[in-house]
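Notes follow the structure.
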Amino acid sequence: INAIDFASIRKDFPILDQDVNGYPLVYLDNAATTQKPQSVIQSLKNYYSRNNSNVHRGAHTLSDRATADFENARVEVQHFVNASKREEIIWTRGTTESINLVAQSYARPRLTNKDIIIVSAMEHHSNIVPWQMVCEQTGATLKVIPVNDQGELDLSAFQDMLSEQVKMVSVGHVSNALGSINPVKEIIEAAHAVGAKVMIDGAQAAPHFAIDVVDLDCDFYAFSGHKLFGPTGIGVLYGKESLLESMQPYQGGGEMIEVVSFDKTTFNQLPYKFEAGTPNIAGAIGLGAAIQYLNQFDRLELQRYEDGLLELATEQALATDDIKLVGTAKNKTGVLSFLIEGTHPHDVGTLLDQQGIAVRTGHHCAMPIMKQFNIPGTIRASFSFYNNQQDVERLFAAINKVKTFLV
Ligand code: PMP
């Protein structure tokens, strides 16, 4: 479809080269987790076979090496999201922990029963439940930006919801269930106009296009390493330095302290203040390697290629009887969510797997939007740049076969 040598990119991902249930694997579950290039696997192997030790505290060479690699990975992330300072990059376990950190360390101590938190109707549970918990703890109210039948946010309703009572707005950059790309820059500007802070859940955005936290002017931005071709158990919270400085940590332990005494404990400086305990050192280094891997490509070209696959899949879906698309936003990426009339998503998923095709079925941790659409879940095919036209063709050939069994 395009100029980068996409056939050779595929060879960088060893897992793709295998048969599953007697068929060559077609991996279309990238929104759940992405596969890892050889360079990431190698960085983990190198860390554990050459440099493994604890960071920041060792008086020996291995610890110095591990610390240098761990902190260099933080700088990779800083540049990746265009943050001004390395102190603004906090390592977490993933998007979920990043959101919980902001909910507990920023929102919980500041909000009262007069305040409002806004999320949207298409959020992942991890961008709903932490805010519900803060509302329980503080008496604040959670309000929800409505979503239309196409899966787009109702921005004029959002404007109407804004007031000086709104202290926090947290929305997804890209929906994992529908693929909608939300106009977060507009949302951030409107929220700032009433003095609210904005958190962006970038779990599904970072894998598909470049993120610029300065241009967005978001207060907090979160993403997960495992959805970005890196390891599981590592993620990122970006926060504006002044906000992070003003926040108290919500987890205590080693690493995050300056001086501990039974009279008074003082906290470490940023970013360590929010990194209690031994961090996921290998994970951070692996995520750094994943970002280095991505940096060799023109990301716009990767995105165009992926969008080409999504377009092709959408055309095929529209040309197939009995398929109903869920999520038809004008601006979308990465995800084709659909139903086959007269079938249950789980049955379709199982029969696709028997033909070597990996998709996800179910509510995609976004029960509220499934409820709004009055469906139990969807079948979701999600794309990355190592997928190709043949994967799309295999998916639809398999769907047609499934239909002969089920419809
Ligand atoms: N937000 C969105 C939009 C997601 O797709 C996901 C993962 N499915 C998450 C948050 C949670 O990410 P994690 O489980 O890696 O913390």
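Both counts, for ligands and for their atoms, begin at 1 and track the order of listing. Worth saying up front: this structure is predicted, and the values here are computed from it rather than measured.
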**OP:** Report yes if the distance between the aromatic ring centroids of Phe385 and Tyr305 is under 6.0 Å, otherwise no.
**Re:** no
Original post:
So, do Phe274 and Phe267 have ring centers that fall under 6.0 Å from each other?
Top reply: no
Subject >> Under 3.5 Å side-chain donor-acceptor pair for Ser53 and Ser63 >> reply: no
Subject >> Polar contact flag, side-chain donor to acceptor under 3.5 angstrom, Asn400-Thr320 >> reply: no
Subject >> Distance flag, aromatic centroids of His363 and His125, threshold under 6.0 Å >> reply: yes
List below, pair by pair, the N or O atoms of ligand 1 and of the protein that are less than 3.5 Å apart, including the distance to 0.1 Å; reply 'none' if no pair qualifies.
from     : atom 1 : to     : atom 2 : distance (Å)
ligand 1 : 1 (N)  : Asp201 : OD1    : 3.2
ligand 1 : 1 (N)  : Asp201 : OD2    : 2.5
ligand 1 : 5 (O)  : Gln204 : NE2    : 2.6
ligand 1 : 8 (N)  : His124 : NE2    : 3.2
ligand 1 : 8 (N)  : Lys227 : NZ     : 2.6
ligand 1 : 15 (O) : Ser224 : OG     : 2.7
ligand 1 : 15 (O) : His226 : NE2    : 2.7
ligand 1 : 16 (O) : Thr95  : N      : 3.4
ligand 1 : 16 (O) : Thr96  : N      : 2.9
ligand 1 : 16 (O) : Thr96  : OG1    : 2.6

Original post:
Around Asp17, counting heavy atoms of other residues, nucleotides and ligands shown, do more than 12 lie under 6.0 Å from its CG?
Top reply: no
